[in-house]
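Presented below is the structure to which this report refers.
As the structure is a computational prediction, the values presented were derived from the model and not from experiment.
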Amino acid sequence: MLLVITTISALASLVLGIYTLRFNPKSRTNQYFAAFCFVITAWLFCNYATLQMYSLYLIRLLMVLVALLVLSLLLFTYYFSYEKIEKRVLYFVYVVGTAAAILGFSPLLVHSIVLQDGFAHPVIGIGVYYFVPFSALSVLWSFALLLRVIWKEPERTMRRVQAEWISFGLIATTSIITFFGFVAVNLWETNRFIPIAMVSTLIFTGCTAYAMTRYRFLDVRIVLK
């Protein structure tokens with residue numbers, strides 16, 4: 001059952017990313033949105049693999065994908081909100097994001113794993129003091145950028161409705177992933193809730209697909225009109 005959930009969720013994100021990129025491959029917004037979808041696909045399969053075997057390197061790879069996930073999310077929402085980014089801001093985001101990804105695969109973040117009562121406990125290193133603030137602030141910044149779009153539009157324009165739907169999808173998905181994928185795992189020391197976190201990506205995929213079909217989300221024709 002878990003493999004079926006993983007495959008359906010991953011394929012939904014993969015197809016959405018490919019469709020978005022093929023529709024307008026030159027748009028930075030589309031590029032980073034597609035990258036976000038592709039990383040979700042990789043994150044889902046990596047999560048599945050970590051549930052089947054206890055591997056330190058798989059856990060570290062999972063941390064790398066988390067860093068890339070929030071990085072692509074931030075870049076996507078930034079371009080969606082501003083359309084253009086100052087080079088110094090772009091370089092700063094790339095540097096801190098790349099540092100987090102490198103840190104994710106190093107012993108500084110996950111030093112080792114300890115098996116106790118059939119549960120793998122990761123031994124966290126000092127890198128968590130950089131990785132967690134980076135991830136949390138990137139997600140919060142992304143939400144703030146989407147709220148900026150909603151706040152700037154005085155009426156319920158198509159662009160504002162798009163931002164509302166994508167905001168709902170992101171808030172719902174990231175909240176469920178955070179609770180069932182991280183909080184519940186450490187609080188109750190069980191990984192049985194992780195499939196809920198994995199299937200929650202369908203909420204984001206569904207909201208985005210609806211915004212695409214109903215409100216032409218990421219449709220270049222809106223810009224041309």
Side-chain angles (χ1 to χ4, degrees), residues 6 10 13 31-32 35-78 85 87-145 170-171 173-198 200-201 204:
T6 302
S13 296
Q31 290 173 3
Y32 287 117
F36 180 70
C37 293
F38 296 154
V39 176
I40 285 181
T41 302
W43 175 82
L44 285 167
F45 282 119
C46 188
N47 233 326
Y48 174 80
T50 57
L51 294 176
Q52 305 306 308
M53 65 184 77
Y54 297 123
S55 170
L56 175 61
Y57 295 104
L58 278 177
I59 293 177
R60 288 177 177 173
L61 177 60
L62 193 63
M63 294 299 101
V64 173
L65 292 173
V66 170
L68 296 177
L69 191 65
V70 295
L71 176 61
S72 57
L73 171 63
L74 178 58
L75 289 169
F76 154 64
T77 52
Y78 216 113
I85 304 180
K87 286 187 177 181
R88 58 181 181 179
V89 176
L90 184 62
Y91 291 155
F92 173 77
V93 172
Y94 271 129
V95 169
V96 296
T98 302
I102 295 174
L103 184 65
F105 204 74
S106 74
L108 293 175
L109 184 60
V110 181
H111 182 268
S112 60
I113 55 175
V114 177
L115 296 179
Q116 183 179 356
D117 299 327
F119 185 80
H121 297 266
V123 180
I124 304 300
I126 60 174
V128 69
Y129 296 109
Y130 177 88
F131 192 88
V132 171
F134 162 76
S135 301
L137 290 175
S138 296
V139 173
L140 290 175
W141 193 359
S142 299
F143 288 147
L145 289 169
L170 285 175
I171 291 173
T173 299
T174 53
S175 298
I176 294 174
I177 288 177
T178 300
F179 182 79
F180 289 103
F182 296 98
V183 177
V185 169
N186 292 280
L187 185 62
W188 293 298
E189 297 188 347
T190 178
N191 55 15
R192 61 182 178 180
F193 297 111
I194 289 182
I196 300 177
M198 297 171 67
S200 69
T201 58
F204 165 76

When you look at CG of Leu140, are more than 12 heavy atoms from neighbouring residues, nucleotides or ligands closer to it than 6.0 Å? yes

Out of curiosity, [X] [atom1] to [Y] [atom2], how far, rounded to the nearest 0.5 Å?
| X | Y | atom1 | atom2 | answer |
| --- | --- | --- | --- | --- |
| Tyr91 | Thr98 | OH | OG1 | 13.0 Å |
| Ile102 | Leu109 | CD1 | CG | 13.0 Å |
| Leu61 | Asn47 | CG | CG | 10.5 Å |
| Phe36 | Thr41 | CZ | OG1 | 10.5 Å |
| Ile124 | Leu108 | CD1 | CG | 11.5 Å |
| Leu170 | Leu73 | CG | CG | 5.5 Å |

Is [X] reaching over with its side chain to a backbone N or O of [Y], donor-acceptor style, under 3.5 angstrom?
| X | Y | answer |
| --- | --- | --- |
| Ser72 | Tyr32 | no |
| Thr173 | Ser200 | yes |
| Ser13 | Ala10 | no |

Between [X] and [Y], what is the shortest heavy-atom contact and its length?
| X | Y | value |
| --- | --- | --- |
| Ile176 | Ile196 | CG2-O, 3.9 Å |
| Leu75 | Leu90 | CD2-CD1, 3.7 Å |
| Gly104 | Val64 | C-CG2, 4.0 Å |

With side chain to side chain contact (heavy atoms under 4.5 Å, CB included) as the criterion, how do Ser142 and Val139 come out once you've worked through the C-alpha distance, each side chain's angles and the decisive distance to 0.1 Å? CA-CA 5 Å; Ser142 299; Val139 173; 5.6 Å; no

Against the six-membered ring of Tyr57, is Arg60 placed for a cation-pi contact (under 6.0 Å from the centre, within 45° of the normal)? yes

Would you indicate whether the side-chain heavy atoms of Tyr78 and Val93 approach each other to under 4.5 Å? no

Indicate yes or no: at least one non-hydrogen side-chain atom of Thr77 is less than 4.5 angstrom from one of Phe143. no

Identify every side-chain donor-acceptor pair in residues 129-137 under 3.5 Å, counting partners at least two apart or on other chains, and give the distances.
unit_1	atom_1	unit_2	atom_2	d
Tyr130	OH	Val96	O	2.9
Ser135	OG	Phe131	O	3.0

